[in-house]
2 protein chains.
Amino acid sequence: MTSRKVRLSDVADAAGTSAKTVSRVANGDHRVSIETRQRVQDEIDRLGYQVDLMARSLRKGVDETVGVVVPTIGDPFFATMVEEIEGIALQQSLSVFVAGGSRNPGIEQMVVERMLARRVAGLIIAPFMTDFAFLASANTPVVFLDRHASGLDADVVLVDDFAESKRVVHHLASHGHSRIALIVDDLAVETSRRRREGYRAAHHELGLVIDEGLEFHECINANVAEQRTWEIFSQPEVPTAIFSSRAETSLGVVKAQHHGNRTDIALVSFGDFEAADILSPAVTVLDHDPRVLARIAIERLIVLMRGDEARPPRETIVPLHLIKRGSGELIPHAMAVSV
Amino acid sequence: MTSRKVRLSDVADAAGTSAKTVSRVANGDHRVSIETRQRVQDEIDRLGYQVDLMARSLRKGVDETVGVVVPTIGDPFFATMVEEIEGIALQQSLSVFVAGGSRNPGIEQMVVERMLARRVAGLIIAPFMTDFAFLASANTPVVFLDRHASGLDADVVLVDDFAESKRVVHHLASHGHSRIALIVDDLAVETSRRRREGYRAAHHELGLVIDEGLEFHECINANVAEQRTWEIFSQPEVPTAIFSSRAETSLGVVKAQHHGNRTDIALVSFGDFEAADILSPAVTVLDHDPRVLARIAIERLIVLMRGDEARPPRETIVPLHLIKRGSGELIPHAMAVSV
DNA sequence: AAGCTTCATGTCAACGATTACCTAGGCGAA
DNA sequence: TTCGCCTAGGTAATCGTTGACATGAAGCTT
């Protein structure tokens with residue numbers, strides 16, 4: 001049976017009222033008498049009427065939907081964010097559009113524009129490196145996640161990459177390390193840049209020499225990080241510690257460490273990951289929990305969408321905890337010997 | 001500047017033509033003279049016109065969008081699927097709606113209905129346990145992923161859970177194991193049920209005793225699996241091998257093994273996971289790659305959406321590879337001693 | 001009892017794009 | 001020359017829902 005779509009007017013005919021009345025019942029408008037409401041509701045149930053969300057959105061001018069844009073959906077960090085956002089959105093009966101920017105500014109801008117063309121009610125964006133100035137003219141509420149948007153002053157939820165990274169280096173130094181390698185993603189990404197700045201600032205504060213040969217840039221994924229870690233092992237003077245500035249790269253680092261039998265090198269990861277506490281030594285991490293960030297972001301977005309108050313954009317900084325599991329508390333081999 | 005939305009008619013006015021002509025240009029219809037086309041295109045660019053996808057969808061009756069429903073978006077297995085689907089959809093300029101069913105039939109049905117109300121052009125569903133009979137009347141093309149849909153005969157892409165599981169048990173038995181524990185999710189889920197059936201069938205074929213005390217059901221996540229694994233350790237006669245029938249539960253199992261110092265117990269995981277080849281022993285897995293399944297599903301869905309041929313529903317079975325990394329090739333302690 | 005509210009409903013247009021259909025030239029063929 | 005057909009372009013209706021506004025009946029006030 002080719003069940004034609006049931007429209008408001010179909011229900012109206014069946015119930016002997018006007019479409020408007022059915023609309024009122026369907027939307028819980030109280031200006032309908034009990035009897036009429038009951039009669040209409042019965043027909044709605046009987047015919048299995050469902051609003052056509054396309055028509056509704058066209059009429060209303062916005063779609064009850066939030067658009068979520070992340071660099072890569074498959075990354076557990078972002079996947080968890082999406083899950084959290086979707087869960088909360090669902091409670092508000094908001095739908096969720098998800099798009100990956102593919103770590104590519106062109107694609108990133110395109111998917112955001114597509115969402116605008118869909119008239120999403122709000123956007124949550126974990127930006128990669130697009131310039132978001134073009135978003136200023138669309139008056140769609142937007143919250144940025146994990147990084148600032150370049151070119152646009154908007155709400156943002158993030159961590160203090162600079163300070164937290166500094167803390168990691170101080171932690172390692174307090175265990176006697178002075179040659180600390182840095183594994184970092186593309187420096188064009190704000191997050192990476194600020195983590196490196198924190199790493200360097202700590203060196204200054206501690207009076208340690210900054211050796212550019214210890215900084216490994218462009219570690220865009222676990223594989224590259226693994227390669228760089230092997231390079232670390234073969235340096236003339238092997239670093240005694242590694243600061244991996246992203247959870248994904250940490251996976252590459254530990255892979256190299258375990259396969260290369262160099263688990264004596266201390267490691268701290270910016271961001272927790274699944275296996276971190278199973279390995280031996282278990283990996284010390286900065287607990288960069290995506291759920292916390294995501295929750296704050298969607299909750300703020302919902303406030304913005306209600307759109308009552310026109311507050312100025314606000315920045316929320318989530319503090320992190322250092323989870324000491326062992327790998328970050330190893331002392332340098334030389335010291336161990338001398339003790 | 002409150003940049004009012006630019007409509008077809010605005011462009012038409014600016015270019016001195018009718019809205020219809022602008023629509024033709026925007027949609028690449030060839031029945032427009034070169035000069036007119038150029039003039040219109042210039043105005044489109046100048047004014048920054050973008051189609052209103054809501055209006056388009058309302059008029060056309062469908063939205064150029066695919067809906068993806070998975071039990072949990074955060075699970076790396078499903079997150080990777082979503083990533084793969086989204087990437088391919090993007091190339092066809094399809095948008096993607098994602099929703100998590102929260103491992104809850106009620107919610108699962110609700111999110112699917114919402115997608116129908118949005119008039120999605122197609123659906124990809126990794127079903128949990130909803131009865132999908134209600135989908136039959138909507139004539140929206142749908143492809144099921146990873147499991148059959150109960151109540152509906154539709155295209156499906158999956159693996160042979162029964163045969164693959166049997167293979168795992170045979171593999172372990174060939175290394176001398178006869179007490180093999182099973183870690184399995186809720187048996188109400190088809191996948192879990194068939195994996196257990198495979199486990200049992202192999203026991204029959206091998207003439208091994210089936211000890212229900214070795215089957216641990218309801219391992220719905222890594223935490224529960226970890227608990228059950230601890231129980232395994234404390235059994236009077238400890239099993240010499242474990243078959244973990246889902247990647248997520250395997251994480252719990254290895255966690256218990258490493259913390260409990262029982263890495264001597266053999267382990268095979270149905271599904272690969274990030275840390276599997278870093279641990280020692282590295283974990284032997286059935287390589288259940290979500291990308292392969294997802295790719296086949298979205299490609300099939302795209303064919304269905306074009307909707308030319310009305311082929312009968314088809315089932316695609318993806319064969320798996322057993323990746324022997326060590327943990328599945330351990331021999332029972334007793335044998336090791338006697339050797 | 002006229003006048004003012006309130007309430008339950010209904011009417012109509014509009015949201016922005018597209019589809020189905022129409023028009024006015026222009027050109028070649030018979 | 002006239003008919004037929006193609007081309008570039010236009011007109012009006014429509015997709016399904018909702019907002020603005022209108023209506024008639026009933027209730028309350030003074």
Side-chain angles (χ1 to χ4, degrees), chain A residues 3-41 43-44 47-65 93 95 114 116-121 138, chain B residues 3-41 43-44 47-65 93 95 114 116-121 138:
Chain A
S3 74
R4 238 19 299 68
K5 219 124 241 157
V6 184
R7 292 160 308 178
L8 273 184
S9 61
D10 297 325
V11 180
D13 291 351
T17 80
S18 73
K20 183 72 237 213
T21 301
V22 181
S23 166
R24 283 198 255 259
V25 172
N27 291 26
D29 186 320
H30 66 287
R31 290 158 192 289
V32 182
S33 69
I34 313 268
E35 313 94 59
T36 309
R37 178 191 310 284
Q38 188 57 55
R39 190 155 34 89
V40 169
Q41 187 61 57
E43 289 304 326
I44 287 180
L47 298 173
Y49 169 74
Q50 291 243 154
V51 227
D52 183 311
L53 293 177
M54 292 293 109
R56 199 222 277 295
S57 301
L58 172 61
R59 180 67 244 245
K60 296 211 157 182
V62 302
D63 190 8
E64 290 290 297
T65 288
S93 54
S95 300
R114 216 202 287 294
L116 254 25
R118 304 200 72 89
R119 305 257 195 110
V120 293
Chain B
S3 73
R4 229 51 261 83
K5 219 122 238 159
V6 184
R7 292 159 309 181
L8 271 186
S9 61
D10 297 326
V11 180
D13 291 350
T17 79
S18 73
K20 181 68 242 206
T21 301
V22 180
S23 167
R24 283 199 254 258
V25 172
N27 291 19
D29 187 319
H30 65 288
R31 287 155 198 291
V32 182
S33 69
I34 312 267
E35 314 94 59
T36 310
R37 177 189 310 283
Q38 188 57 53
R39 189 155 35 90
V40 170
Q41 188 60 57
E43 290 303 326
I44 287 180
L47 298 173
Y49 170 74
Q50 290 243 154
V51 226
D52 183 310
L53 293 176
M54 292 294 107
R56 196 220 281 288
S57 301
L58 172 61
R59 183 66 246 250
K60 295 211 157 178
V62 303
D63 190 9
E64 292 290 297
T65 288
S93 53
S95 300
R114 216 202 287 294
L116 253 27
R118 303 199 71 89
R119 306 254 196 111
V120 294

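Both backbone and side-chain heavy atoms feed into the values below; hydrogens, waters and symmetry mates do not. In what follows, chains are A, B, ... by sequence order, proteins preceding strands, each numbered from 1.
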Open item on the list: Is the phosphate of C/dT11 approached by A/Ser18 (side-chain N or O, under 4.0 Å from OP1 or OP2)?
Closed with: no
- [ ] Assign each of A/His30 and A/Lys20 to its nearest nucleotide of DNA chain C by heavy atoms, then name whichever residue's nucleotide is nearer the 5' end.
- [x] A/His30
- [ ] In whole angstrom, give the distance that lies between atom CD of A/Glu64 and atom P of C/dC15.
- [x] 20 Å
Open item on the list: Is A/Ser57 close enough to C/dC15 that one of its side-chain N or O atoms is under 4.0 Å from OP1 or OP2 there?
Closed with: no
Task: Phosphate-side-chain proximity, A/Arg119 and C/dG16, N/O vs OP1/OP2 below 4.0 Å - done: yes
Open item on the list: Would you say that B/Val22 contacts B/Glu43 through its side chain, given a criterion of any heavy-atom pair below 4.5 Å between the two side chains?
Closed with: no
Open item on the list: Counting only side-chain nitrogens and oxygens, does A/Arg56 get under 4.0 Å of the OP1 or OP2 atom of D/dT18?
Closed with: yes
- [ ] Specify the separation, in whole Å, of atom CG of B/Asp29 and atom C1' of C/dA20.
- [x] 14 Å
Open item on the list: Measure CG/B/Leu53 against C1'/C/dA17 and give the value in whole Å, please.
Closed with: 11 Å
- [ ] Select one nucleotide: of C/dG10, D/dG16, C/dA17, the one nearest the side-chain heavy atoms of A/Thr17.
- [x] C/dG10
Open item on the list: In this structure, how many angstroms lie between the P atom of D/dG10 and the CZ atom of B/Arg31, rounded?
Closed with: 15 Å
TODO: Indicate whether OP1 or OP2 belonging to C/dT9 is found under 4.0 Å from a side-chain N or O atom of A/Thr36.
DONE: yes
- [ ] Kindly indicate whether the side chain of A/Asp63, heavy atoms from C-beta on, has any atom under 4.5 Å from the side chain of A/Val120.
- [x] no
Open item on the list: Quick check for you: among C/dA17, D/dG10, D/dT18, whose closest atom lies nearest to any side-chain atom of B/Arg24?
Closed with: D/dG10
Open item on the list: OP1 or OP2 of D/dA8 versus the side-chain N and O atoms of B/Ser33: is any pair under 4.0 Å?
Closed with: no
- [ ] Tell me which nucleotide among D/dT18, D/dC15, C/dC15 gets nearest to the side chain of A/Leu58.
- [x] C/dC15
Open item on the list: Without decimals, in angstroms, what is the distance between B/Met54 CE and D/dT18 C1'?
Closed with: 16 Å
- [ ] Verify the contact: side-chain N or O of B/Arg59 to OP1 or OP2 of D/dT14, cut-off strictly under 4.0 Å; return yes or no.
- [x] no
Open item on the list: D/dG10, OP1 or OP2 - any side-chain N/O from B/Thr21 closer than 4.0 Å?
Closed with: yes
- [ ] Would you mind reporting whether A/Arg119 and A/Ser57 have side-chain heavy atoms less than 4.5 Å apart?
- [x] no
